[in-house]
Amino acid sequence: MTTTGLINIVRKFARDIDQLRWNTPSHVYNPLVYAWSAHREYLQRYGAVRGRVLLLGMNPGPWGMAQTGVPFGDVAMVRDWFHIASRLREPLPPQHPRYPILGMACHRNEGSGSRVWRWAQARVGTPEAFFERFFVWNYCPLLFLKDGRNLIPERLDKAEADALMALCDSALAAVVHVLKPSVVVGIGRYAQQRATAVLGADADVRYLLHPSPANPAANRNWPALAEQVLGPWLPPAP
């Protein structure tokens, strides 16, 4: 029932958020629609266990979930570690020429996703071992582009951001209700802040530095930071 509940939440979320209208971004991609088959497979495989650590990301990267439908979904890791093959559903949204939606044919590396999943692979071995302890979810499922660059949700204008947060907050609350996580870890300050806003100041919400290669602190030794924050829920180091 947990997996069915998650799938129902996400399908409604995908429909509702697809109805929003945008002025700030030039292009908006919703992989919960066009890459739904892969996201559904992700939920079916790894969404059933309650009481884990919920790792909360912000929104898709252009070469990650926007291509594969999997959170932090670097194509090589989704293909070779998860063994999930994203099948794109037509029609695709209007695309920026710098950021085509190619699915598993994309040869670009998603730095954040590669860093997260390669650490997980090295640390616990298999996706099944990782997802016994953790589940990864993005607060917002949409990729925003403006002026040929990735636009983070907090850069939207207030009316757009408010409408977006209302739906994302509701979906996060529903996911937490179904999964009943032992703790929520925001990957980045934005995710941490939204989790605290949704769950309340008394909720156990923690912070993990975002693994983006654009972040010098993450480039120094992000795996050590992940070990420090997530260590209580990890198996003994090999």
Side-chain angles (χ1 to χ4, degrees), residues 25 29 31 42 53-82 84 86 96 98-102 104 106-127 129-131 133-156 183-196 205-238:
Y29 299 176
Y42 171 76
V53 177
L54 177 60
L55 300 175
L56 185 68
M58 181 170 59
N59 74 312
W63 312 117
M65 184 175 175
Q67 302 293 334
T68 64
V70 174
F72 289 92
D74 176 70
V75 171
M77 294 304 295
V78 170
R79 181 188 64 233
D80 300 333
W81 196 50
F82 288 90
I84 292 176
S86 179
H96 191 284
R98 289 188 186 176
Y99 301 101
I101 300 171
L102 303 173
M104 304 309 288
C106 177
H107 296 294
R108 294 288 298 266
N109 172 263
E110 174 64 36
S112 297
S114 179
R115 180 167 282 166
V116 167
W117 297 124
R118 289 188 186 281
W119 165 77
Q121 182 183 42
R123 187 60 177 79
V124 300
T126 66
F130 179 82
F131 286 105
R133 296 171 168 82
F134 304 97
F135 186 71
V136 182
W137 168 263
N138 272 339
Y139 171 75
C140 171
L142 304 180
L143 169 69
F144 302 102
L145 301 172
K146 181 181 181 181
D147 298 329
R149 301 185 67 180
N150 192 4
L151 179 72
I152 59 176
E154 56 191 327
R155 298 298 184 185
L156 298 168
V183 61
V184 177
V185 177
I187 303 177
R189 290 296 182 194
Y190 180 83
Q192 180 198 27
Q193 290 164 3
R194 294 317 310 154
T196 300
V205 177
R206 308 189 190 190
Y207 167 74
L208 174 60
L209 184 76
H210 197 282
S212 170
N215 188 331
N219 290 332
R220 282 194 288 272
N221 198 352
W222 186 86
L225 297 173
E227 186 76 28
Q228 179 180 354
V229 174
L230 304 178
W233 302 280
L234 287 164

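These numbers come from a predicted model, not from an experiment.
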Whether over 12 other heavy atoms sit under 6.0 Å from Q228 CD: no

Would you say E110 and F72 make side-chain contact, with heavy atoms under 4.5 Å? no

Return all side-chain donor-acceptor pairs below 3.5 angstrom for residues 134-154, not counting sequence neighbours, or 'none' if the list is empty.
| from | atom 1 | to | atom 2 | distance (Å) |
| --- | --- | --- | --- | --- |
| Y139 | OH | D169 | OD1 | 2.5 |
| Y139 | OH | R194 | NE | 3.2 |

Using side-chain hydrogen bond (donor to acceptor under 3.5 Å, both in side chains), reason through N219 and R115 one step at a time and then give a plain yes or no. CA-CA 10 Å; N219 290 332; R115 180 167 282 166; 3.0 Å; yes

Nearest 0.5 Å, please: how far is OH in Y207 from CD1 in I187? 10.5 Å

Is the W117 ring parallel, tilted or perpendicular to the F82 ring (thresholds 30°, 60°)? perpendicular

Without swapping roles, check the side chain of Q67 against the backbone of P100 for a donor-acceptor pair under 3.5 Å. yes

Contacts of N109 that satisfy side-chain hydrogen bond (donor to acceptor under 3.5 Å, both in side chains) - sequence neighbours left out: D74

Hey, are the side chains of Q121 and P127 touching, using non-hydrogen atoms and a 4.5 Å cut-off? no

Quick one: do the Q192 and R189 side chains pair a donor with an acceptor below 3.5 Å? yes

Measuring from atom CG of L230 to atom CZ of R133, what distance do you get when rounded to the nearest 0.5 angstrom? 11.5 Å

Value rounded to 0.5 Å, distance of OG1 in T68 from CH2 in W63: 13.0 Å

How long is the straight-line distance from CE of M58 back to OH of Y190, given to the nearest 0.5 Å? 8.0 Å

Output the distance between atom CZ (R206) and atom CG (L56), rounded to the nearest 0.5 Å. 15.0 Å

Okay, side chain of W222, backbone of L209: is any donor-acceptor separation there less than 3.5 Å? yes

